[in-house]
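I have placed the structure first, in the form of structure tokens, so that the comments after it can refer back to it.
Per chain, numbering begins at 1; letters A, B, ... match sequence-line order. In this text the structure is predicted, and so the values were computed from the model without any measurement.
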Protein chains: 2
Amino acid sequence: MTASTPRSRHSRTAATPTTAPEDVVLPGKATINDIARLTGVSKKTVSRVINNSPLVHPETREKVLALMKQLGYVPDPQARGLAFRRSFLIGLVYDNPTAQFIVNMQYGALDALRDSGYELVVHPCDSSKDDYIDGVRRFAQQQKLHGVILIPRVSEDEQLATALREIGVRYVRIASIPLDEAASMVVTHDRQAGSEAANYLESLGHRNIGLITGPRRYRSTIERGGGFLSGLDARGIELSPDYIYEGGYTFDSGVAGAEYLLAKSPRPTAIFACNDEMAAGVYKAAMRRGLSIPGDLSVVGYDDSPLASQLWPALTTIHSPIRDLGHMAAQMLLSDDPSPTGAVASPRTVTPRLVVRDSSQRPKG
Amino acid sequence: MTASTPRSRHSRTAATPTTAPEDVVLPGKATINDIARLTGVSKKTVSRVINNSPLVHPETREKVLALMKQLGYVPDPQARGLAFRRSFLIGLVYDNPTAQFIVNMQYGALDALRDSGYELVVHPCDSSKDDYIDGVRRFAQQQKLHGVILIPRVSEDEQLATALREIGVRYVRIASIPLDEAASMVVTHDRQAGSEAANYLESLGHRNIGLITGPRRYRSTIERGGGFLSGLDARGIELSPDYIYEGGYTFDSGVAGAEYLLAKSPRPTAIFACNDEMAAGVYKAAMRRGLSIPGDLSVVGYDDSPLASQLWPALTTIHSPIRDLGHMAAQMLLSDDPSPTGAVASPRTVTPRLVVRDSSQRPKG
DNA sequence: CTGAAAGCGCTTACAG
DNA sequence: CTGAAAGCGCTTACAG
């Protein structure tokens, strides 16, 4: 039945009698040879059309394009890949962020790849094992990837970037500071966002504040936490190191961090957790102690994952446009212009914004 | 500096004089021709070794294998794919389950693909759009996928399965009942698990129970909910339709369902939610009403996602081994034996188990 | 057990 | 603007 649609389309008025008599058989099975033969040009010309070469007469192009459409022809990515010496696959390399983060990133990348002929291949890895770079290298090399998207924490690994550069694989790194040339970076201004959280809590009147950071080896920790601290500092609030807890971006570490902070005297009236998972842990610890949120304790998270609006009360947090980041990264990889034009001196950046919900208010006292 | 590592590796002790003089150049760039030439056999023989053909003299095989290892040769998947007329890619097709579910499924599938030379390509889709089957078909066809893994709800779509069968693409469907021949199915005994939840709550002494199901169009809804109801029934408890709420497997629908059920009189002393997200919604509704869990209300979920242990109190739930399911499905796709041997009459099955945590106890009265 | 020829569906030089 | 030849790195028949 799919045959009828194209058929009706080319029931044109006695024109182009040279085309397909009854060659219109199995859709999706046509090759470049069929297109060339039926259209009366050479393979090479068809190839030029496929690759958008300007060196094709408009009329020729139209004719070829028309037949391709009619036959539902799509060039075989494998054959093209073999000839091109690279594939039409984009790799997504990551090391154990939260499920929501991964999935959003994937959706974002796929948004950009839709109808491009490129597909997304996922490659989780364990950056704590020292042969993980080999693993990524083999992955990229064997699959002859068109490019890879690197997200924190692997995006922060200079050695990985170097290894990829050496084998000539394009990459885009998503990170909270510019670590590479502009053409290979998407930067999230985590520092500025952290500072915004600080301003917000200060403006509510909080003076006694606790901070739960991520692991020290994450760049985002330095940016989010550092931005928060310098934001407070700019408003004349100095946060004692006692009130800073190094978490692990996990729920459990959020619980532990809150247990620690809430046992302090004076007890903080607000806690900024550097991701939502840890903020959820803070909720648990607060509840266990019979503290109400936001009555006794204001909580601010980071990420704005679905979790944030599912907590009760709904979590005030920093919205990180993860999906957009994935979109941008994939798009950069697809753009035909890999040459680092001096024109694009500054890397693409995104600034997360504060979303105020119900977990924060003025302190009681 | 990475150059030094491989260099030291092949500074061999004057051995293997017949092999590569100084042909050992760029690792990963050797081709079947190099192997054939340096080893003194034909391409075809090397090809036989690659494909584990028994028609190779053991000594020849050893010789070839040794050189391949020495040169770090790996056959080009693209070239093999072109000749084989299929790729070494496995597709994962899904329609918007929770992030945790997707990610676990991906990890499971990747567990099975590790070092197999196959890669995982993700393909989310929207089964509510009527052209989604076309999308999946094009995806599978253009990429010449080796096979696809279908997870609920798309796994339950007979039309999708038919479309895939028509274009000759292998698939494995993960679903809660056997919908296809054994070789294409992984079955989760959701019914039995639902029934286990019922037995548990009954044994605690609950008589007044609420049920929040998934959307009717999901097969899992019928199995989980139906299993629960028949489990209660077997123990002499009849659940009035008033106490059944059709949710949407989302957090918000869990809230709505609980609002509905908790307004009933008599108020249920226990609620079974057909996934953890909805159970989390029940928590929110209960808290808003000032009801304590499990004091005033016992809650049982389904999935055992990380969320379950992050809620407070920790959620009693049914553990669904999602990662294992992904593993099994991918493994089935890789197994060389696509022929449905009558021997394997029954499909692979997995039975989720109850995990008792802190959200359930005997009713107060 | 082994190999020479042809082909998978495209593209790259090289000519015109 | 267009094309004939050779090649990308493998495999399938077909012989032996």
(message) What is the distance, to the nearest angstrom, from the CG atom on Leu55(A) to the P atom on dT2(D)?
(response) 9 Å

(message) What is the distance, to the nearest angstrom, from the CZ atom on Arg80(A) to the C1' atom on dC8(C)?
(response) 16 Å

(message) Quick check: any donor-acceptor pair below 3.5 Å linking the side-chain of Arg48(A) to the base of dT2(D)?
(response) yes

(request) Please confirm whether the backbone N or O of Ile35(B) pairs with a side-chain atom of Arg37(B), one donor and one acceptor, at under 3.5 Å? (result) no

(message) Can you confirm if the aromatic rings of Tyr118(B) and His146(B) lie within a centre distance of less than 6.0 Å?
(response) yes

(message) Which is more 5' along DNA chain C, the nucleotide nearest Ile32(A) or the one nearest Pro54(B)? Just name the residue.
(response) Pro54(B)

(message) Strictly distance-based, threshold 3.5 Å: is any side-chain N or O of Asn51(A) a donor or acceptor partner for the main-chain N or O of Ser53(A)?
(response) no

(message) I'd like to know if Arg165(A) and Asp180(A) make a salt bridge, using a cut-off of under 4.0 Å between side-chain N and carboxylate O.
(response) yes

(message) Heavy atoms from C-beta onward define the side chain here; which of dC10(D), dC8(C), dG7(D) lies closest to that of Tyr73(B)?
(response) dC10(D)

(request) Among the candidates dG3(C), dC10(C), dT11(C), find the nucleotide nearest to the side-chain atoms of Asn51(A). (result) dT11(C)

(request) Choose from dC1(D), dG9(C), dG3(C) the nucleotide whose nearest atom is closest to any side-chain atom of His57(A). (result) dC1(D)

(request) Could you please name the option among dT11(C), dG9(C), dG9(D) that lies closest to any side-chain atom of Asp76(A)? (result) dG9(C)

(message) Please report the distance, rounded to the nearest Å, between CG in Asn33(B) and P in dC8(D).
(response) 8 Å

(message) Does a side-chain N or O of Thr60(B) approach OP1 or OP2 of dT2(C) to a distance below 4.0 Å, or not?
(response) yes

(request) Could you check how far CD1 of Ile35(A) sits from P of dT11(C), rounded to whole Å? (result) 13 Å

(request) Would you indicate which nucleotide in dC10(D), dT11(C), dC1(C) comes nearest to any side-chain atom of Lys43(B)? (result) dC10(D)

(message) Once rounded to the nearest 0.5 Å, what's the spacing between atom CG of Asp111(A) and atom CE of Met328(A)?
(response) 13.5 Å

(request) Tell me whether the OP1 or OP2 atom of dG3(D) has a side-chain N or O from Thr45(A) closer than 4.0 Å. (result) yes

(request) Using the C1' atom on both, measure dT11(D) against dG3(C) and round to a whole Å. (result) 14 Å

(message) In this structure, how many angstroms lie between the C1' atom of dT12(D) and the CD1 atom of Ile50(B), rounded?
(response) 14 Å

(request) Verify, without hydrogens or angle tests, whether Arg173(B) (side chain) and Ser155(B) (backbone) share a donor-acceptor contact under 3.5 angstrom. (result) yes

(request) Could you pick out which residue, Phe84(B) or Gly40(B), lies toward the 5' side of DNA chain C when each is mapped onto its nearest nucleotide? (result) Gly40(B)

(request) Tell me which nucleotide among dA4(C), dC10(D), dT12(C) gets nearest to the side chain of Lys44(B). (result) dA4(C)

(request) Return no unless some side-chain N or O of Ser42(A) is found under 4.0 Å from OP1 or OP2 of dT2(D). (result) no

(message) Could you tell me how far apart Gln78(A) (CD) and dT11(C) (P) are, to the nearest whole angstrom?
(response) 14 Å

(request) Give none if dA13(C) has no partner; otherwise give the nucleotide forming a Watson-Crick or G-U wobble pair with it, both distances under 3.5 Å. (result) none

(request) Give the nucleotide from the list dC1(D), dG9(D), dT11(C) with an atom nearest to the side chain of Leu82(A). (result) dG9(D)

(message) Counting only Watson-Crick pairs (N1-N3 plus N6-O4 or O6-N4) and G-U wobbles (N1-O2, O6-N3), all under 3.5 Å, who is the partner of dA4(C)?
(response) none

(request) Taking atom P in both dC1(D) and dA13(C), compute the distance separating them and give it to the nearest angstrom. (result) 22 Å

(request) Could you tell me the separation between the CZ atom of Arg86(B) and the P atom of dC10(D), rounded to a whole number of Å? (result) 15 Å

